[in-house]
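The block underneath contains the structure these notes are about, expressed in structure tokens.
Every chain is numbered from 1, with letters handed out A, B, ... down the list of sequences. Worth saying up front: this structure is predicted, and the values here are computed from it rather than measured.
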Amino acid sequence: MAYSEKVIDHYENPRNVGAMDKDATDVGTGMVGAPACGDVMKLQIKVGADGIIEDAKFKTYGCGSAIASSSLLTEWVKGKSLEEVKAIKNTDIADELELPPVKVHCSVLAEDAIKAAVADFQSKQ
Amino acid sequence: MSTIITPIYMDYSATTPTDQRVADKMAQYLTVDTAFGNPASSSHTFGWDADDAVKQARQDVADLINADSREIVWTSGATESDNLAIKGAAHFNTRKGKHIITMKTEHKAVLDTCRQLEREGFEVTYLDPKDDGLLDIHVLKDAIRDDTTVVSIMHVNNEIGVIQDIAAIGELCRENKIVFHVDAAQSAGKVPIDLSELKVDLMSFSAHKIYGPKGIGALYVRRKPRIRIEAQMHGGGHERGMRSGTLATHQIVGMGEAFKIAKEEMATENDRLLMMRNHLYDGFKDMEEVYVNGDLEQRIAGNLNISFNYVEGESLMMSLKGIAVSSGSACTSASLEPSYVLRALGRNDELAHSSLRFTIGRFTTMEEVDYAIAQTRDAVEKLRDLSPLWDMFKDGIDLSTVEWAAH
């Protein structure tokens with residue numbers, strides 16, 4: 001299977017890899033997927049007092065497309081409001097990374113991850 | 001230090017390059033100045049020359065497995081041989097019964113053939129292997145019924161390289177008057193096969209797994225006691241009526257030459273491959289959470305199937321740009337299911353997803369093995385730094401107790 005250049009770039013130079021304190025009140029954590037399915041994505045956001053996402057980190061177990069989807073998403077969400085990031089659709093990610101149909105589930109997982117992170121943050125407020 | 005030319009090929013169980021000696025020989029049976037004739041043309045020298053070449057190749061194939069050349073039936077490859085053997089024997093023996101026994105770790109050429117027979121009204125029992133990939137003979141014994149007509153067990157598994165005890169299985173089948181078929185696509189030329197001793201009735205072979213060309217294979221059909229099968233391909237009555245179709249002289253000559261070379265070089269080649277395989281495994285032994293899939297002793301020399309836990313196989317292969325290997329990861333298959341072979345061993349899904357299959361062969365060098373070790377270690381380290389599962393493992397969390405949001 002041939003990957004797009006964007007997938008390869010994110011895979012080889014993943015942005016914003018890391019972890020934040022999941023217990024901090026200004027941090028929202030979303031972990032989705034399952035090892036049995038071959039991908040697990042952990043996405044974390046740090047939200048400022050103004051409701052804008054200051055920082056984002058990820059760790060992903062999965063194929064190259066899953067890693068690229070989560071890496072791209074951390075770039076996109078920084079500087080955005082929670083409402084704005086909730087509007088991000090998996091198709092936006094799939095289009096940007098030129099994912100083939102068999103890999104679209106990776107972008108679905110990324111959308112689920114950011115929604116879960118936002119929900120986690122909001123439940124702490 | 002010598003230079004490494006990438007990509008390095010470490011997928012010899014998928015296919016092998018045709019040996020130059022084989023290719024040179026094949027070229028003598030194609031063009032106008034060579035022996036291009038139809039081996040079935042019995043009225044002129046073009047046909048006679050081609051027929052002589054086919055006879056010699058038949059003898060060379062038979063010699064590797066200590067069989068009679070009249071027991072060799074040419075086919076298009078091991079898949080066709082498996083189909084011809086299993087369907088042919090099952091259909092021929094319907095008066096005795098319609099029960100077939102095989103294993104869950106067989107190649108798809110056997111499993112899908114059995115599925116087809118199920119659709120035709122046959123009953124098939126799919127045996128589980130032990131955790132090491134080997135068949136427990138008692139499990140087979142218990143599965144045999146009065147109406148069992150065919151047992152099909154592969155000699156060497158294509159994914160994990162384990163070698164089944166076909167001598168013992170053959171004895172059991174012969175005692176019970178059951179036709180025993182063995183898919184030997186991955187074992188011919190790698191494991192000694194003596195069909196004068198083994199109680200094997202039908203055996204499938206492929207040329208391209210052992211440095212011959214693709215598109216040619218053979219089925220061994222035992223003469224004493226005589227095994228009868230129904231033809232699947234009808235036509236001019238070639239191959240004693242068992243497989244019609246004009247013989248592909250150049251392909252057949254290629255297979256014969258490949259098998260001849262294998263007979264001469266197998267012992268020294270195995271020593272060399274085993275040394276390199278052990279070196280490869282030694283290169284990973286000190287890493288955490290590394291598991292060899294399948295028994296390491298009852299295994300062909302050129303295979304190392306290994307799981308790097310908490311790293312997904314496809315992304316691992318993506319990192320190994322300079323090395324051609326394969327993985328049991330779901331993401332490498334169209335079905336999105338991880339390797340059914342590893343799952344049949346009782347490996348959990350994570351380990352199945354995390355597996356790499358290195359298969360080395362005739363043209364692999366020690367420098368390439370060293371390169372593969374270094375590349376793989378770097379990639380695993382990089383991907384574990386990226387893996388939330390690795391973090392959880394390091395934090396002492398038992399992943400089996402986590403409630404996952406499966407998708």
* Using the side chain to side chain contact (heavy atoms under 4.5 Å, CB included) rule, take A:I67 and B:L386 through it: C-alpha gap first, then chi angles, then the decisive distance, then the call. => CA-CA 9 Å; A:I67 289 169; B:L386 265 181; 4.0 Å; yes
* Side chain proximity check, B:M318 to A:I8, heavy atoms < 4.5 angstrom -> yes
* If every non-hydrogen atom of B:P388 is compared with every non-hydrogen atom of A:V40, which pair is closest and at what distance? -> CG-O, 3.7 Å
* Residue A:Q125 excluded, over 12 heavy atoms near CD under 6.0 Å -> yes
* **Short N-O contact, A:E12 and B:K321, less than 4.0 angstrom** => yes
* Can you list every pair that meets side-chain hydrogen bond (donor to acceptor under 3.5 Å, both in side chains) and has a residue in residues 57-72 of chain A, with sequence neighbours left out? -> A:H10-A:S71, A:K59-B:D391, A:T60-A:S70
* Do other residues, nucleotides or ligands put more than 12 heavy atoms under 6.0 Å from B:K130 NZ? -> yes
* Inspect the surroundings of NZ in B:K382 and state if more than 12 heavy atoms from other residues, nucleotides or ligands are less than 6.0 Å away. => yes
* Asked: What are the two closest non-hydrogen atoms of B:H353 and A:A36, and how far apart are they?
  -> NE2-O, 2.8 Å
* Asked: Between B:D385, B:V402, B:N348, which has the largest tally of heavy atom pairs under 4.5 Å with chain A?
  -> B:D385
* **Region of B:V311 that comes under 4.5 Å of a non-hydrogen atom in chain A** => backbone
* Structure fact -> Here the pair of heavy atoms bringing A:C63 nearest to B:E314 is CB-OE1, 2.5 Å
* Asked: Considering all heavy atoms of both residues, which atom of B:S315 and which atom of A:G62 are nearest to each other, and what is their separation?
  -> OG-O, 2.9 Å
* Go through B:M392 and A:M31 one step at a time and tell me if the side chain to side chain contact (heavy atoms under 4.5 Å, CB included) criterion holds. => CA-CA 12 Å; B:M392 293 167 83; A:M31 184 145 83; 3.7 Å; yes
* State whether the number of non-hydrogen atoms from other residues, nucleotides or ligands found under 6.0 Å of B:E381 atom CD is greater than 12. => no
